[in-house]
Amino acid sequence: VQLQASGGGLVQAGGSLRLSCAVSLRTFSRYAMGWFRQAPGKEREFVAIINWTGGSTYVANSVKGRFTISGDNAKNTVDLQMNSLKPDDTAVYYCAARANFGLFTSHREYDYWGQGTLVTVSS
């Protein structure tokens with residue numbers, strides 16, 4: 001499985017960005033896709049998860065109501081729509097994948113990772 005994250009950039013507080021994770025190869029019939037983020041000096045933090053395809057989703061409380069995760073089976077992508085961005089959302093964002101459905105919120109539970117894309121929110 002290869003994951004390619006894109007869509008990061010610089011945005012002002014209150015703005016929006018859409019991240020996309022392209023999944024180049026699916027080896028599992030059921031798998032979960034997650035988004036995590038890591039700010040400098042901090043641990044990698046869970047953001048959102050979707051059970052592929054079109055399955056259940058869950059977002060962290062810190063981004064609930066602002067971020068939405070969705071999957072496009074035809075394009076083999078998982079997107080993270082981020083609205084009402086805050087400076088605290090500044091981080092490198094990673095997409096990750098693992099086999100089977102579930103609520104996997106620890107980065108240690110994932111086997112495959114994209115390279116990360118930087119999101120910077122200015123105040």
Side-chain angles (χ1 to χ4, degrees):
V1 176
Q2 293 183 351
L3 308 176
Q4 182 76 28
S6 63
L10 173 64
V11 63
Q12 288 188 333
S16 298
L17 278 176
R18 188 175 184 89
L19 305 183
S20 185
C21 180
V23 183
S24 65
L25 178 65
R26 287 185 287 176
T27 59
F28 317 122
S29 58
R30 293 154 49 104
Y31 58 97
M33 294 288 299
W35 280 98
F36 288 77
R37 66 186 182 185
Q38 189 165 19
K42 294 187 177 181
E43 288 195 1
R44 195 163 294 190
E45 175 190 19
F46 168 78
V47 176
I49 184 174
I50 183 169
N51 287 308
W52 197 271
T53 60
S56 58
T57 63
Y58 178 78
V59 297
N61 288 335
S62 59
V63 303
K64 193 167 292 183
R66 301 188 297 123
F67 291 12
T68 303
I69 187 170
S70 61
D72 189 326
N73 190 38
K75 296 181 180 179
N76 284 350
T77 60
V78 174
D79 292 347
L80 184 69
Q81 177 65 42
M82 305 186 297
N83 299 327
S84 302
L85 283 162
K86 306 174 182 179
D88 283 350
D89 295 318
T90 295
V92 176
Y93 283 70
Y94 299 90
C95 58
R98 61 153 293 151
N100 295 320
F101 289 172
L103 182 57
F104 307 110
T105 60
S106 170
H107 62 87
R108 297 177 181 85
E109 298 178 288
Y110 289 77
D111 299 310
Y112 304 96
W113 291 86
Q115 83 288 4
T117 184
L118 177 63
V119 172
T120 304
V121 184
S122 63
S123 58

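Residues take their numbers from the sequence shown, with the count starting at 1.
Separation of atoms CD1 (Ile69) and SG (Cys95) is listed at 9.5 Å; rounding is to 0.5 Å. The line from OH of Tyr93 to OG of Ser6 is 15.0 Å long, rounded to the nearest 0.5 Å. Atom OG1 of Thr120 and atom CG of Leu10 lie 6.0 Å apart (nearest 0.5 Å). In this structure, the separation between CG on Leu118 and CD on Gln38 is 12.0 Å, given to the nearest 0.5 Å. Atom CG of Asp72 and atom SG of Cys21 lie 12.5 Å apart (nearest 0.5 Å).
Side-chain N or O atoms of Asn51 include one that pairs as donor or acceptor with a backbone N or O of Gly102 at under 3.5 Å. Judged purely by atom type and a 3.5 angstrom limit, Gln115 has no side-chain atom pairing as donor or acceptor with the backbone of Gln4. The main-chain N or O of Gln2 is found under 3.5 Å from a side-chain atom of Ser24 such that the two form a donor-acceptor pair. A donor-acceptor pair under 3.5 Å is formed between the side chain of Thr90 and the backbone N or O of Val121.
With respect to Met33, the side-chain contact (heavy atoms from CB on, under 4.5 Å) criterion is satisfied by exactly one of Val78, Ile49, Leu80: Val78.
When all heavy atoms are compared, the tightest approach of Arg37 to Asp89 is NH1-OD1, 2.8 Å. Considering all non-hydrogen atoms of both residues, Gly8 and Leu19 come closest at N-CD2, 3.5 Å. When all heavy atoms of Gly116 and Val92 are compared, the pair lying nearest together is CA-CG1, 3.8 Å. Nearest heavy atom pair, residue Ala99 against residue Tyr31, reads CA-CB, 4.0 Å. Annotation for Arg66 and Ser84: closest pair NH1-O, 3.0 Å, computed over non-hydrogen atoms. Summarising the geometry of Asp79 relative to Ser20, their closest heavy-atom pair is OD1-OG, 2.9 Å, with the distance given to 0.1 Å.
With hydrophobic clusters built from ILVMFWY side chains whose heavy atoms lie under 4.5 angstrom apart, Phe104 shares a cluster with Tyr58. By the rule that hydrophobic residues join a cluster once side-chain heavy atoms approach within less than 4.5 Å of another member, Tyr112 and Phe36 end up as members of separate clusters. Linking ILVMFWY side-chain heavy atoms closer than 4.5 Å, directly or via other members, places Val59 and Val119 in a single hydrophobic cluster. Two different hydrophobic clusters hold Val23 and Tyr94 under the rule that ILVMFWY side chains link at heavy-atom gaps under 4.5 Å. Val63 and Leu103 end up in different hydrophobic clusters when Ile, Leu, Val, Met, Phe, Trp and Tyr side chains are linked at under 4.5 Å.
In this structure, Arg44 and Trp113 have side chains that are in contact, with non-hydrogen atoms separated by less than 4.5 Å.
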As a quick check of understanding, evaluate side-chain hydrogen bond (donor to acceptor under 3.5 Å, both in side chains) for Tyr110 and Arg98, giving each step before the final call. CA-CA 5 Å; Tyr110 289 77; Arg98 61 153 293 151; over 6 Å; no
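The number of heavy atoms from other shown groups lying within 6.0 Å of NZ (Lys86) does not exceed 12.
Residues Gln81 and Asn83 bring a donor and an acceptor atom of their side chains to less than 3.5 Å of each other.
Because its NZ or CZ atom is both nearer than 6.0 Å to the ring centre of Phe101 and within 45° of the ring axis, Arg30 counts as a cation-pi partner of that residue.
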